[in-house]
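Take a look at the structure below.
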Amino acid sequence: MLRNSLIGSLRQIKPILCSQSLRSLSNGANSGLTTIEVDDKSGIATLSMNLPPVNTLTLNLMHDLIDSINQIECNKSRGLILTSSNDKVFSAGLDLKELYKPDQERLKEFWTIFQDLWLALHLCGIPTAAAINGHAPAAGCIMATACEYRVMLPDFVIGVHATRFSFLVSKWMMLSYQSVLPRRIVERALNQGKLFSTQEALEVGLIDEVAGSKKEALAQCAAFIGTFDKANPIARTLTKRMCRDSDVTELLRDRAGDLRACVDYINTPLFQEGLSAHLEGLKEKK
Ligand SMILES: CC/C=C\C/C=C\C/C=C\CC/C=C/CC(=O)SCCNC(=O)CCNC(=O)[C@H](O)C(C)(C)COP(=O)(O)OP(=O)(O)OC[C@H]1O[C@@H](n2cnc3c(N)ncnc32)[C@H](O)[C@@H]1OP(=O)(O)O
């Protein structure tokens, strides 16, 4: 019953393009905001975000990421490693400009694609790992928590600091955080708007390992993916999805309600004033 409902709900986000070869995949099949490299020997695909300066999750980057995840999954790669081609920032999270005095229809599209991206990553059938080679605030952190394993480089920060600028997070984003960290730590960190240093993130379990370089981080992610070699891939996928069912169901059961609540909240003076101050702060930093 549970398995059927899982399979049913997953069909909604099943990749459409399932006929591409690994060769065309490794040549990249989207607009260049992401690149995919498949290691011939291991069969593991590395998906890099490539939107300067800080990989903000714009509509286009999110579309490309979803396409890329679907392609990698369809091509039956052995695993997926999410990383950044920027050596200082993994992802700065959602594009704040999309949230400031937004066009209402575009805001709906923006939030819906963000939901889609989280679902695509959270439910990806193959093993996933994040090589966090730079700062990962807010949705950058949420993307990393949607992966099954996290390896991070030193001297960066990760976390959801939304309350610092009067943002709330959706329940499903909180559950994603909570799928990695104990609830009491999530509650405290979300309320504080805490960004964890790499070392702190390791200590609380937000990340699994620290790596000395990006090359090492990719190797550690690949080693994690290798730990599933003895598992039957179909049984593994179904087990992963069963484990994640309650987190995902929260969003799937009422996507429209989540969209409405978010759009309403983003339009409040509280949110818009907090965002305006945050954007000013980013400018003044220079
Ligand atoms: C009842 C209610 C129910 C439900 C409601 C639920 C929710 C609805 C509400 C809200 C949603 C909440 C969700 C939040 C998720 C998010 O992801 S929001 C994004 C938050 N991200 C940030 O705050 C990160 C800000 N950026 C930084 O801290 C730094 O840029 C970073 C440490 C990443 C890198 O630093 P550095 O390398 O020094 O780069 P710069 O700071 O100089 O940045 C370069 C240029 O990029 C611009 N920029 C940076 N981040 C963003 C961004 N997220 N969006 C847009 N633009 C960004 C920055 O301004 C610089 O631009 P410039 O060169 O000056 O033009």
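When a ligand or atom number is given, it counts from 1 through the structure's own listing order. This one's a predicted model, so the numbers in the text were calculated from it and none came from an experiment.
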Could you check whether any heavy atom of [X] sits closer than 4.0 Å to an atom of ligand 1, since that is the contact criterion I want to use?
X	value
Lys171	no
Cys262	yes
Lys88	yes

Strictly below 4.0 Å, N to O, side chains only: are Glu109 and Arg106 in salt-bridge contact? no
Proximal ligand 1 atoms for [X], defined as those under 4.0 Å from one of its heavy atoms:
X	result
Pro53	44 (C), 45 (C), 46 (O)
Gly93	17 (O)
Ala139	15 (C), 16 (C), 17 (O)
Trp111	11 (C)

Out of Leu57, Val54, Leu275, Thr268, who is nearest to atom 48 (N) of ligand 1 when you count heavy atoms only?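 Nearest option to atom 48 (N) of ligand 1, by heavy atoms: Val54.
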Between Ala92, Ser91, Ala261, flag the one that comes closest to atom 21 (N) of ligand 1 by a heavy atom.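 That would be Ala92.
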To check your reading of the model: name the closest protein heavy atom to atom 2 (C) of ligand 1, its residue, and the distance in Å.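 Result: Leu168 CD1, 3.6 Å.
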Please tell me whether Asp258 and Ser170 have a donor and an acceptor in their side chains that are separated by less than 3.5 angstrom. yes
